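Values in this document were obtained by computation on a predicted structure and should not be read as measured data. The residues of the chain are indexed from 1 along the displayed sequence. Just follow the structure's listing: the first ligand is 1, and inside any ligand the first atom is 1.
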Amino acid sequence: MTDDELRDICNYLIVVAREAGDVVRHAQPTSLTTTSKKNTADIVTQTDQAVEILIRSRLTERYPAFDFVGEESYKVGLEITDQPTFIVDPIDGTSNFVHGFPAVCVSIGLVIGKQPTVGVVYNPFREELWSAVGGQGAFVQQFDGGIQRLPLVVAPSEGLKSACIGVEWGSDRKGPNFDLNLKVFTMLARTTATGGAFVNSLRCTGSAAIAICRVASGQQDAFWECGCWAWDVAAAWCILSEAGGIVVDGHAGNWNPPIDNRRYLAVRPATEGQKEFVEEFWAVIGDARSTYGPAP
Ligand code: IPD
Ligand code: CA
């Protein structure tokens, strides 16, 4: 696809994300329109489902040959192929959405050959719109203001000690996945005198997509989560890469994880020290492992 064609797709995704975002902003979720999926920490609302149907219809009408993967219509076993594929989370941050906590977004990514190629993330409650096209840079528009190129801040990485790191509890609150979170959170937070990395701060803000966009902006140093899905990261991954950041495996070792890896460490753009940051983070994880992984 040419640069102009990709740019046109991005412009259309922005229109669709804004339309979907209007629906999200005007919705009033209640306990009657909210149901549990796996457990009470993993929820879905009627708005999530309605917005996915809206986005899907807009995208398939305009790009009928492209595949579509959405959180609410996903079926176990569905694989992302090399075809151009829209990967969509109609609402990332559903728990925030039902609580009225304004870190909620519509996330629309296009992957081609499984590579994040176009990304649009829109938070309708804060009027923040992040977007990127492969090879054309990443941008943010905030509060209807001007468009700024990402990163907003760029500096050398100073390692874990001064880092502000996004993490998430996820919805698995027992077993090896919970144990891994407890270990990593504890080791990141603890003082160096007690064997930890003593990071500046940990942030748990309830939307992987927005957190990765903050990393792309340089507003957070990193984001780490094991257990989230391709639709949580596809769009923001493109935005982060275009800003100069990287996504590596959330377990130690793999510098080039696939889009459906389910374990991600996103690291901000930096003039130096990015690789060393990853290695320092991976050393905290050590040999510990979650059960999450890409589709076999
Ligand atoms: C969730 C959010 C959350 C992350 C979960 C995701 P949802 O997506 O991104 O931050 O911790 O892993 O599933 O359910 O709000 O779309
Ligand atoms: Ca979602």
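Aromatic pair Trp130/Tyr122: centroids not less than 6.0 angstrom apart. Residues Trp255 and Trp282 place their aromatic rings such that the two centres sit under 6.0 Å apart.
Around the Ca ion (ligand 2), the protein N, O or S atoms found under 3.0 Å comprise Glu71 OE1, Asp89 OD1, Asp89 OD2, Ile91 O.
Under the side-chain contact (heavy atoms from CB on, under 4.5 Å) criterion, Arg263 pairs with Cys226, Asp249, His251, Asn261, Ser290, Tyr292, Pro294, not counting sequence neighbours.
Salt bridge absent: Lys114 and Asp260 never bring a charged side-chain N and a carboxylate O closer than 4.0 Å.
Considering only heavy atoms from C-beta on, Phe281 comes within 4.5 Å of Leu265 through its side chain.
Looking at Gln220 and Arg214, their side chains never bring a donor and an acceptor atom within 3.5 Å of each other. For the residue pair Ser73 and Arg56, a side-chain donor N or O sits within less than 3.5 Å of a side-chain acceptor on the partner.
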I'd like a table of donor-acceptor pairs (distance under 3.5 Å, sequence neighbours excluded) in which one partner is a side-chain atom from residues 101-112, with atom names and distances.
none

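Exactly one residue among Phe86, Tyr74, Trp237, Phe68 makes a ring-ring contact (aromatic ring centres under 6.0 Å, His included) with Trp231. That residue is Tyr74.
The residues lining ligand 1, counting any heavy atom closer than 4.0 Å, are Glu71, Asp89, Ile91, Asp92, Gly93, Thr94, Glu168, Gly206, Ser207, Ala208, Glu225, Cys228, Asp232.
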